[in-house]
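Residues: numbered from 1 along the sequence shown.
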Amino acid sequence: MTSRERVMAALSHQEPDRIPRDFGGTFTTSIHVDAYSRLMNLLGMEAGPEMVDNYQVRTAVLDPRLVDWAGSDCVALKTRPPSTWEFRFFTEEKGYRHYRDEWGVDRACPPGGYYYDVVSSPLAGATMEDLDRYQWQDPNDPGRLEGVEERAKSLYEETDKCIIFSIGTSLFAQVAFMM
């Protein structure tokens, strides 16, 4: 079976030739950036330029060679942030690394830490009037889907992997982070 057939069989409650594997198809099935760097080094592969911190966990964008080495059946097709927002880090005097997401949630990771914790939320204690004044992100911002069609076509034609469409966050979790 191809990877795509294997995943589809499992999702259709049919028995695949083996249990499907997902390594890097989503942020939650990826690997911490430090472990990624060490694993790539151990395998004699140079880590690519896309070792990034993402949202709550310091996750890596996996090199396709590592995905193949692990026998993963899945590959991520990720959306982009809105064109009006840029992902930037800043480090405060205590060494905590911060970023503010597109919704205004401030997260921080202590020196040597593994995770980003929410340290301030734009709608904490918000009133109905605060909700009316809040600058909501445009879900239809064209930047979010820029290049997705081309990447989807390329992944479909150039791999046999199951393509997982990943928007990078959970709607319900994001609402909780904002409050």
Side-chain angles (χ1 to χ4, degrees), residues 7 11 22-37 47-64 67 72 74-156 161-179:
V7 172
L11 291 174
D22 177 11
F23 183 44
T26 69
F27 290 121
T28 56
T29 61
S30 188
I31 186 172
H32 189 275
V33 292
D34 295 342
Y36 172 68
S37 180
E50 288 197 274
M51 281 190 29
V52 297
D53 290 347
N54 256 316
Y55 297 95
Q56 300 161 319
V57 183
R58 297 181 60 212
T59 56
V61 175
L62 302 185
D63 186 302
V67 171
S72 181
C74 302
V75 64
L77 175 62
K78 297 176 180 155
T79 58
R80 299 185 189 281
S83 58
T84 57
W85 178 80
E86 184 180 341
F87 190 68
R88 281 183 270 166
F89 288 107
F90 66 93
T91 303
E92 48 133 285
E93 63 278 352
K94 291 182 181 177
Y96 281 68
R97 190 169 169 166
H98 287 253
Y99 76 92
R100 188 174 306 274
D101 72 16
E102 66 186 88
W103 302 97
V105 177
D106 183 18
R107 292 180 170 88
C109 182
Y114 294 107
Y115 302 97
Y116 287 88
D117 294 310
V118 174
V119 294
S120 73
S121 303
L123 299 178
T127 65
M128 292 304 286
E129 292 78 26
D130 293 331
L131 293 177
D132 289 338
R133 286 190 298 270
Y134 181 74
Q135 283 295 125
W136 295 98
Q137 291 294 324
D138 179 4
N140 297 315
D141 183 300
R144 291 186 186 280
L145 297 176
E146 184 179 322
V148 167
E149 183 177 355
E150 295 81 11
R151 290 192 315 273
K153 183 177 181 186
S154 175
L155 288 170
Y156 186 81
K161 307 278 189 213
C162 176
I163 302 167
I164 298 177
F165 187 59
S166 176
I167 62 169
T169 190
S170 161
L171 174 66
F172 298 109
Q174 189 62 43
V175 169
F177 298 143
M178 292 170 66
M179 297 187 321

Item to complete: Give, for atom CZ of R97 and atom SG of C109, the distance between the pair rounded to the nearest 0.5 Å.
Response: 8.5 Å
Worksheet entry | Heavy-atom neighbours of Q135 CD exceed 12 at 6.0 Å | no
Practice prompt. Of all the heavy-atom pairs spanning E146 and R80, show the shortest one and how long it is.
Written response: O-NE, 3.1 Å
Worksheet entry | Non-hydrogen side-chain atoms of I164 and L77 separated by less than 4.5 Å | no
Worksheet entry | Side-chain heavy-atom pair S120, R100 within 4.5 angstrom cut-off | yes
Worksheet item: Quick one: CH2 on W103 to OG on S121, what's the gap to the nearest 0.5 Å?
Response: 14.0 Å
Practice prompt. Please examine the side chains of P82 and Q137, heavy atoms only from C-beta on, and report whether any two atoms are closer than 4.5 Å.
Written response: yes
Worksheet entry | Considering all heavy atoms, the nearest A60-S30 contact | O-OG, 2.7 Å
Practice prompt. Would you please name every residue forming a ring pair (Phe, Tyr, Trp, His ring centres under 6.0 Å) with Y134, sequence neighbours left out?
Written response: W136
Item to complete: Go through T79 and F165 one step at a time and tell me if the side-chain contact (heavy atoms from CB on, under 4.5 Å) criterion holds.
Response: CA-CA 8 Å; T79 58; F165 187 59; 3.4 Å; yes
Item to complete: Answer whether the closest heavy-atom distance between the side chains of H98 and V119 falls below 4.5 Å.
Response: yes
Fill in: Enclosure of F23 CZ (heavy-atom neighbours >12, cutoff 6.0 Å)
yes
Worksheet entry | Centroid-centroid under 6.0 Å between Y116 and Y99 rings | yes
Worksheet item: Are any of the side-chain heavy atoms of F87 and D101 separated by less than 4.5 Å?
Response: no
Discussion item. Can you confirm whether D138 sits close enough to R144 that some side-chain heavy atom of one is under 4.5 Å from a side-chain heavy atom of the other?
Written reply: no
Practice prompt. Using atom types as modelled and distance alone, determine if a side-chain donor or acceptor of S72 lies under 3.5 Å from a backbone N or O of C74.
Written response: yes
Worksheet item: Less than 4.5 Å apart, any side-chain heavy atom of P122 and any of V105?
Response: yes
Worksheet item: Between D63 and Y36, does a side-chain contact (heavy atoms from CB on, under 4.5 Å) hold up when you go through it step by step?
Response: CA-CA 10 Å; D63 186 302; Y36 172 68; 3.3 Å; yes
Worksheet item: Checking side-chain contact (heavy atoms from CB on, under 4.5 Å) for the pair D22/T26: CA distance, chi angles, key distance, verdict?
Response: CA-CA 8 Å; D22 177 11; T26 69; 4.3 Å; yes
Fill in: Donor-acceptor contact below 3.5 Å, side chain S37 vs main chain D34
no
Response to the item:
Looking only at heavy atoms, the pair that brings A76 and G25 closest together is CB-O, 3.1 Å
Worksheet item: Can R133 and D130 be counted as an ion pair, charged N to O under 4.0 angstrom?
Response: yes
Practice prompt. Take I31 and L62 through the test side-chain contact (heavy atoms from CB on, under 4.5 Å) and record every step on the way to the result.
Written response: CA-CA 8 Å; I31 186 172; L62 302 185; 3.4 Å; yes
Discussion item. Within the 4.5 Å heavy-atom criterion, are V67 and K161 side-chain neighbours or not?
Written reply: yes
Worksheet entry | Greater than 12 external heavy atoms within 6.0 Å of F172's CZ | no
Worksheet item: So, are D117 and R107 salt-bridged, with charged N and O less than 4.0 Å apart?
Response: no
Fill in: Taking every non-hydrogen atom, the tightest pair across Y96 and A108
CD2-CB, 4.1 Å
